[in-house]
Structure formats: structure tokens, C-alpha cells
Amino acid sequence: MTSATQVPTIPLRDDVAIPQFGLGVWEIPAGDTTEVVTRALQGGYRHIDTAKVYGNEAQVGAAFRASGLERDEVFITTKCWNDDQGFDKTKRALKDSLGRLELPYVDLYLIHWPAPSQDRYVDTWKAFIELQQEGLTRSIGVSNFQPDHLHRLIEETGVTPAINQIELHPRLQQAGLRREHEDLGIITEAWSPLGKGRSFQDETIQAIAQDHRKTPAQVILRWHVQLGNVVFPRSVRPERLEENIDVFDFHLSEREMDAIAALDAGERTGPDPDVFVRP
Ligand code: NAD
């Protein structure tokens, strides 16, 4: 079993350290979340990625409290949903999330989508800057932001997000955006890191998995880790929770990394961030 100490942490620009590996709880029904998160924490996971819109913040908080772990041993992220954007609404939204989580602060608060047609993400970011100063979130970042959205935030507020959480997997490798992040000092988080399983049957992934006696999911997660991405694959099944975090005892060669790089197809499984605005 992977122990919490085997998972590396990555320093963020605002001096917070984030565990590179965690559990995402999107689409885990609220009724199952406490049990799944409890099992993950027992199995060495120390980073949970939730959001207001997932409807399971309360259950994440309950699992943390039941774990007996100290607050500074677990990294908890939540996100500001599109209809909570705007200065005042955003400030209220984080307080409401903290109320559901029953926590005094989160480790990371993200703007879930830029929703550019609402044109409220800059005001939202100004609220984020204050919320961090008030100690209600240790770090602040964004999700699904494109380069022009990032540049606008930085130009209008002078504050660069610590993180951009984007769709990223072997069939959507986002090389351009990752380079942009590197130039700006932003850490990349990969959502849907397994790409909804679409590369599990790929010959290249299968061959690498066989060579290392690992599963296709483990090869893909190891590829993310070596790229420097932060990942939090979702599973509710105990054996997969254990399998997914067990990627710190092998190394992909440069040739294997290059072979996976060649699988990029520019293929999204989720919405286009330039237009997505579901309230
Ligand atoms: P994922 O890439 O983690 O894949 C989850 C799917 O893969 C599930 O169907 C699961 O049953 C299956 N799976 C998991 N482990 C497996 C294994 N070892 N073998 C075979 N199948 C396995 O997808 P995701 O949940 O979409 O993304 C992970 C997290 O990213 C989410 O839970 C959420 O926290 C976050 N997310 C964020 C956004 C955003 O807009 N910011 C969008 C989507 C997801």
C-alpha cells in the first residue's frame, strides 16, 4: 500500500505545498462520499478535490473529521461555481462552502470555469485575493482558463493564479497551455486524468503497462506525475483507489514518455472553456 509520505508535494507560488496525488469526488453521490473519502484517507490519500456543484462538500468534511488526521495533514480544494461569480457573491460562496465543509479554511479555492460571456471572472478573482488575505483559503487558482483569461487576470489585478486545473490526458495533452503555465509560474492540475478510459485499450499504453507489470491506468497516472501535473483520479472502488495511488515505485523512460506524447489527438471529453457557462 502506498503511504502518504511517498506522494511528493509541489510548491506553489504562494508558498503552499500541494500533494501531487489525490482523489477527485465529481459525480460521487453524496450518500457514498463519506465512505469513499474515508477509505481514501485510510489508504494514504491526503488531497481531496471537491466543488460546490458536486453537492458533496459536507460529506468530504465529515470524512476528514472522522479520519482523526490533523487539519494540516489533508489538502482540501473546493471551487466557485459560475452563478456565484462576482465580487460579493464569491465572498459569500466560499463562506457557504466552508459552512458545508465545517472547516475554518480550505487549502485551495478555484474559479471553476471562466464563463467569459458573464464577464465576471476578474471581479471574482479580486474577491479571491481578499479571501486569501482573510485566511479563508491558503491558496487561490483557476480552472479551465485559457491563456487570454489568465493574462487578463494578471494584467488587471497583478496577482497570478497558483494553479490552473484543466482537462488533460493522453488524448488531450495541452502542450501549449502547459508551456504558458511554465512561463507564468502556474502549476498544472489535470482533470479527467484518465480521459474517461479512452486510452486504456491503446496498444502503446498496453505495451508499456505489460513491460512494467502495471495497469494502463497506472501508466497514464505515472505519465502525469513525471510531467509534473497534479492529479486526482476518481474511483469509488477500494481496489482502484489502491491501484491508482500505487504509481511511485516505477519510472517511465524518455522513450516511453515520447511514445505517450505521440498519442495526443486534441480530443476533449468535456466542454469548451471559451463558451461553457451553465449556471
Ligand atoms: P477520471 O479521469 O478520474 O476517470 C474516472 C473514471 O475512470 C471513472 O469512471 C472510474 O470508474 C474510472 N477509473 C478510475 N480508476 C480506474 C482504474 N484504475 N481502472 C479503470 N477505470 C478506472 O475522471 P474525472 O472524475 O472526470 O476526473 C477526476 C477529477 O477531476 C474529478 O473527480 C473532479 O474532482 C475533477 N474534475 C474537474 C473538472 C473541472 O471542470 N475543474 C471537470 C471534471 C473533473
Side-chain angles (χ1 to χ4, degrees), residues 2 18-30 32-33 36-37 39-40 43 45 47-57 59-60 75-82 84-85 97 106-115 121 141-146 149 161 163-174 177 187-202 205-206 209 214-225 229-247 267-278:
T2 302
I18 186 168
Q20 195 180 4
F21 200 96
L23 173 72
V25 296
W26 178 47
E27 284 190 330
I28 300 185
D32 298 337
T33 302
V36 174
V37 174
R39 187 170 291 122
Y45 286 70
H47 170 179
I48 310 293
D49 183 89
T50 185
K52 173 195 172 183
V53 79
Y54 301 169
N56 52 19
E57 290 173 309
Q59 291 72 21
V60 168
F75 192 100
I76 297 177
T77 299
T78 195
K79 312 188 189 87
C80 177
W81 188 240
N82 302 341
D84 285 321
Q85 283 201 25
S97 282
V106 286
D107 296 283
L108 176 64
Y109 197 37
L110 301 177
I111 304 182
H112 207 143
W113 290 86
Y121 64 81
V142 295
S143 177
N144 298 301
F145 272 46
Q146 303 279 48
H149 309 134
I163 295 252
N164 190 14
Q165 181 181 120
I166 56 172
E167 181 178 353
L168 205 174
H169 43 76
R171 298 189 64 78
L172 181 72
Q173 300 195 11
Q174 304 259 33
L177 192 45
I187 297 299
T188 303
E189 287 192 337
W191 67 250
S192 288
L194 297 172
K196 308 218 157 67
R198 288 184 194 173
S199 303
F200 288 174
Q201 300 308 322
D202 181 276
I205 301 283
Q206 292 259 346
K214 289 284 181 180
T215 65
Q218 288 172 320
V219 168
I220 293 168
L221 293 168
R222 180 69 209 178
W223 168 78
H224 281 288
V225 166
N229 300 335
V230 177
V231 279
F232 25 81
R234 162 177 53 104
S235 181
V236 297
R237 290 170 48 171
E239 69 279 9
R240 285 184 175 167
L241 286 173
E242 214 174 297
E243 172 188 332
N244 290 347
I245 199 172
D246 182 19
V247 294
E267 189 182 283
R268 285 188 191 282
T269 66
D272 176 350
D274 276 318
V275 295
F276 182 70
V277 73
R278 185 165 65 83

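Sequence positions, counted from 1, serve as the residue numbers for this chain. One-based numbering, in listed order, for ligands and for the atoms of each.
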Test item, A190 contacting ligand 1 (heavy atom, 4.0 angstrom): no
Using heavy atoms and a 4.0 Å limit, tell me yes or no: is P193 in contact with ligand 1? yes
Looking at ligand 1, does any of its N/O atoms fall within less than 3.5 Å of an N/O of [X]?
{"X": "A217", "answer": "no"}
{"X": "S235", "answer": "no"}
{"X": "E243", "answer": "yes"}

Salt bridge (Lys or Arg N to Asp or Glu O under 4.0 Å) between K214 and D246: does it pass, once the steps are laid out? CA-CA 9 Å; K214 289 284 181 180; D246 182 19; 3.5 Å; yes
Under 4.0 Å from a heavy atom of [X]: which atoms of ligand 1 are those, numbered in the order shown and with their elements?
{"X": "G195", "value": "2 (O)"}
{"X": "W113", "value": "40 (O)"}
{"X": "V25", "value": "32 (O), 34 (O)"}
{"X": "F232", "value": "28 (C), 29 (C), 30 (O), 35 (C)"}
{"X": "Q165", "value": "35 (C), 36 (N), 37 (C), 38 (C), 39 (C), 41 (N)"}
{"X": "P233", "value": "3 (O)"}
{"X": "D49", "value": "33 (C), 34 (O), 35 (C)"}
{"X": "H112", "value": "39 (C), 40 (O), 41 (N)"}

Qualifying residue, where the test is side-chain hydrogen bond (donor to acceptor under 3.5 Å, both in side chains) with D84 and the options are K52, K79, H112: K52
Closest protein heavy atom (residue, atom, distance) for [atom]:
{"atom": "atom 19 (N) of ligand 1", "value": "R240 NE, 3.5 Å"}
{"atom": "atom 25 (O) of ligand 1", "value": "R234 NE, 2.6 Å"}
{"atom": "atom 33 (C) of ligand 1", "value": "Y54 OH, 3.4 Å"}

Is any side-chain heavy atom of H47 closer than 4.5 Å to one of T77? yes
Answer side chain, backbone, both or neither: which part of N244 comes under 4.0 Å from ligand 1, heavy atoms only. side chain
So between F276, W191, F200, whose heavy atom ends up nearest atom 42 (C) of ligand 1? W191
May I ask you to decide if the ring planes of F276 and W113 are parallel, tilted or perpendicular, using 30° and 60° as cut-offs? tilted
Look only at the side chain of N56 and the backbone of V25, and say whether a donor-acceptor pair between them is shorter than 3.5 Å. yes
